[in-house]
Amino acid sequence: MVLDHAPEPLADIAPGEVVRFFLGQDDIAVVLAPSDIQRELNDPFARLVLTPGHRPKNLVEVLKIIDLATGADAVPGQRIYRIADGGQIPWNDETATLDRHLRIAITRHRGEEAELFISTAPPFSSETIFLQIFAWDPKSGAYNFYERRRGVWSWAGSSWQALMEPTRGRGPFDSHVNGGPVMKELKLPWMHWHSQSSQIRDDIFAPDDPFPKDPLWNSSNLKGAEDLELIVRSGTARWTRSRFDRRTANGRLSNAREFLRQILTTTTVNLACSPQPSASLSDDDMLRLPTTFFLNSDCLVGELALPATLSRAKTPASFYRAGLEKYEVCLRDGGNIFKRDTHFAFPVPEPSLEDQMVLRELLARGAISRRLALCLLMVDFPNPVFSDRRATLLEHIPEALVLDGGADLDGRFPAAVKSVIASKGADSAEAEFTMLWETAGDWEMEFAARVDRYWALVLARLLTAEGFDAFFQLAESRRRQFRNRPLAEFGLTLPVATKLDLPAFLSLTEQAQVRPL
């Protein structure tokens, strides 16, 4: 979360104040009086900490105040999670100066649902290290986002500011793009997180470093990322339901493009990878690759139940190891360069959980039919992320929809798309959608057959050195597209193919061929 760059918006604010500063909307930070805090903010952090007049300077003080709270607003349950993008690089003379970007995430609970999230880094008693909090406000039906900076607590907006101009993509919403919890490495093996797949151990610290004995680092409340995944999924679903509830009235869904842009465009991503550690691969192994690199299986097969048959994608590990060598893959952060891969092999962007949750609600609320949703996602389906082609369809989405099982959108959208084919061309996304929509006979089995034919080509190309080399280049291309986004905070998050020259970003065709975008 970044409040601003220049000028410093809190420079003239006295330490101990609470301000509102919505980057993109507010020109200056506005000091909030106690009555403003009580009226505007109803989440646990506001009610337990700010409203009573507490002004904690660091994480230790925040937790002490929350621990002492009682009553209906109390959040006594606590879970702690470790993450470090360099958390699998042991300490030695070569890595002694490396910033491993060690952080912890803390959740506070009344039951299983997390009401408050904290993100920070050591030292936990610091009054200057970043300290960011977001908490659920039942009155606004959204998360409120806070940051302590220069001794001042700043309310940086609620989830609603993530969705609208001029605050969209600004402040905390450069990473919390759609206003919900963010866990980039969401799925097994939870790359970079302390988890059942791989632990962040004390050997990343110098032998004489006292930090591993810190009570928050070695807390009995320490949990693995497999636990946090469930909490993030629940929190994302909670916010998504609230969005739909607040945008629904009289059987109509307003701001329809706000929701459909998460189906047709890449607003944000998660990061997927092989479950296999890169360093343990031998030439005799087969490397398992994430299905979501090749198509949006979570939505097409998971949410929409397209009856395609997707066997596991595998390639000889010797091909992958050769690619690491050929393109001189390294981890690079500042002046530190290490000729090595990330701990888990083949990390790539994949479609985000929050986009999947929006699709689920669109279907459940009757805003879109299953057939129309399948037709939308079948457009350019070999490119599950960063598809400029599929994104062009957003302009034809109406501003409001009748919640009638999708009949309203079925009646309007295909007609609007078909009407512009003459001007857009036979190779346009509009023409492709219309071809899908007008598929005669058993359209569902035809879609599944197309995906099955594509998948067979993918699997065959993965078994040739030339074919995998093209997919290796595509993976690097998508990683470079990810690095252009604010969510790419740390150099160690993804490897860099230093000897791969890509004049243009790459895309994948339905014939499993890699081509310039």
Side-chain angles (χ1 to χ4, degrees), residues 1-6 8 59 81-105 119-124 126-132 147 149-150 171-172 174-175 182-185 190-194 198 200-212 214 217 268-269 271 273 277-279 323-349 475-502:
M1 180 195 300
V2 179
L3 290 176
D4 204 355
H5 296 287
E8 168 58 61
L59 172 66
Y81 309 90
R82 299 174 182 171
I83 180 171
D85 296 62
Q88 302 301 328
I89 303 176
W91 185 94
N92 55 42
D93 290 343
E94 181 187 8
T95 65
T97 62
L98 177 66
D99 182 352
R100 291 172 173 77
H101 304 295
L102 175 67
R103 294 97 71 202
I104 63 169
S119 178
T120 191
F124 304 129
S126 170
E127 297 181 8
T128 57
I129 200 78
F130 80 91
L131 178 55
Q132 302 162 355
E147 182 179 38
R149 186 167 173 176
R150 301 173 68 95
D174 61 358
S175 53
V182 170
M183 182 183 181
K184 292 195 297 289
E185 306 90 343
W190 307 282
M191 184 175 66
H192 304 317
W193 288 89
H194 181 92
S198 184
I200 299 176
R201 297 187 296 268
D202 291 350
D203 64 357
I204 66 173
F205 301 103
D208 59 350
D209 191 332
F211 174 72
D214 186 285
W217 178 255
T268 188
V269 297
L271 297 178
C273 61
S278 182
L324 297 177
E325 186 71 24
K326 175 181 178 181
Y327 297 115
E328 295 189 15
V329 171
C330 69
L331 293 178
R332 185 168 59 194
D333 194 47
N336 294 287
I337 300 176
F338 303 100
K339 190 177 180 181
R340 57 175 292 163
D341 194 13
T342 42
H343 181 67
F344 291 105
F346 204 80
V348 289
E476 175 65 15
S477 173
R478 290 183 182 169
R479 287 194 287 260
R480 292 182 187 183
Q481 287 175 278
F482 170 76
R483 290 191 196 98
N484 289 335
R485 295 176 169 231
L487 195 59
E489 300 174 272
F490 309 111
L492 297 178
T493 301
L494 294 173
V496 179
T498 59
K499 294 299 182 180
L500 178 56
D501 182 25
L502 292 178

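- Ion pairing of Glu476 with Arg483 is present here, as a side-chain N (NZ or NE/NH1/NH2) and a carboxylate O approach within less than 4.0 Å.
- With hydrogens and angles disregarded, no donor-acceptor distance shorter than 3.5 Å links the side chain of Ser278 to the backbone of Phe344.
- Contact record, Asp174 with Gly171: OD1-O, 2.9 Å, taken as the closest heavy-atom pair.
- For Trp217 and Phe205, the distance between ring centers is under 6.0 angstrom.
- Side-chain contact between Thr268 and Val182 is absent, with no heavy atoms from C-beta onward closer than 4.5 Å.
- Summarising the geometry of Pro122 relative to Ile129, their closest heavy-atom pair is O-CD1, 3.7 Å, with the distance given to 0.1 Å.
- Taking every heavy atom of both residues into account, Pro495 and Pro347 meet most closely at CD-CG, 3.5 Å.
- Between the side chain of Arg103 and the backbone N or O of Ser119, no donor-acceptor pair lies under 3.5 Å.
- A 4.5 Å side-chain heavy-atom check between Thr128 and Arg149 finds every atom pair outside the cut-off.
- Note that CD of Gln88 and CD1 of Ile200 are 6.5 Å apart. Values are rounded to the nearest 0.5 Å.
- Other residues, nucleotides and ligands place more than 12 heavy atoms under 6.0 Å from the CZ atom of Arg485.
- Interatomic distance, OG1 of Thr342 versus CE of Met191, reported as 5.5 Å (0.5 Å rounding).
- Inter-residue side-chain proximity for His192 and Leu271 is flagged as unmet; no heavy-atom pair is nearer than 4.5 Å.
- Residues Gly323 and Val329 share a closest heavy-atom pair of O-CG2, 4.2 Å.
- The shortest side-chain heavy-atom distance between Trp91 and Pro207 falls under the 4.5 Å cut-off.
- Between Gly87 and Ile204, the closest heavy-atom pair is O-CG2, 3.4 Å.
- At a threshold of 4.5 Å between non-hydrogen side-chain atoms, the residues Arg100 and Thr95 count as touching.
- Formation of a donor-acceptor pair under 3.5 Å by the Arg479 side chain with backbone atoms of Leu494 is not found in this model.
- With contacts defined as side-chain heavy-atom distances shorter than 4.5 Å, the pair Asp85/His101 qualifies.
- For the pair Ser198/His343, a side-chain contact is recorded, criterion being any heavy-atom separation below 4.5 Å from C-beta on.
- In this structure, Ile337 and Cys330 approach most closely via the heavy-atom pair CG2-SG, 3.8 Å.
- Rounded to the nearest 0.5 angstrom, Leu492 CG and Asp333 CG are separated by 4.0 Å.
- The closest side-chain heavy-atom distance from Ile83 to Lys184 is not below 4.5 Å.
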